[in-house]
Amino acid sequence: MNKNKILIIDDDADLLASTKLFLESNNFEIETAINSTIGLGLIKSFHPDLIILDIMMDTNLEGFNFLNELKSVDAFKEIPV
């Protein structure tokens, strides 16, 4: 059975670790990224079924800008965020 894949993008390392641990214990496959640049690379290689995105990372607009860019790419716009 394939596990559902979730990518978590957040600049809070403690939140990434605790959320990853919780979701993995509930049978999800998890990857994490500390910023949107790393997150974009993981989207391309990991092919997540869901993305959990912090909207207020290094700057107040980083998460929103990343989401807008992500939804403008046909290959990624169907991934729920």
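Tracing side-chain contacts under 4.5 Å through hydrophobic residues (I, L, V, M, F, W, Y), one never reaches L23 starting from L21; they form parts of separate clusters.
Interatomic distance, CE of M57 versus CG of N35, reported as 7.0 Å (0.5 Å rounding). In this structure, CG in N27 is found 10.5 Å from CG in N2, a value given to the nearest 0.5 Å. To the nearest 0.5 angstrom, T19 atom OG1 is 7.0 Å from I52 atom CD1. The structure places NE2 of H47 at 6.5 Å from OG of S45, a figure rounded to the nearest 0.5 Å. The NZ atom of K3 sits 10.5 Å away from atom CG of N26, with the distance rounded to the nearest 0.5 Å. Put simply, CG on L40 and CD1 on I38 are 11.0 Å apart, with the number rounded to the nearest 0.5 Å.
Among all heavy-atom pairs drawn from L42 and A33, the shortest one is CD1-CB, 4.0 Å. In plain terms, the two heavy atoms of K5 and F46 that are nearest each other are NZ-O, 3.0 Å. Shown here for S36 and E62, the closest heavy-atom pair between the two residues is OG-OE2, 2.8 Å.
Between the side chain of S72 and the backbone N or O of E69 there is at least one donor-acceptor pair closer than 3.5 Å.
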Side-chain donor-acceptor pairs under 3.5 Å in residues 74-81, sequence neighbours left out?
unit_1	atom_1	unit_2	atom_2	d
D74	OD1	K77	NZ	3.1

Between side-chain atoms of residues 7-14 and protein atoms elsewhere (two or more places apart, or another chain), which donor-acceptor pairs fall under 3.5 Å?
unit_1	atom_1	unit_2	atom_2	d
D10	OD1	D12	N	2.8
D12	OD1	D14	N	3.0
D12	OD1	L15	N	3.1

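Looking only at side-chain heavy atoms (C-beta outward), I34 and L16 come within less than 4.5 Å of each other.
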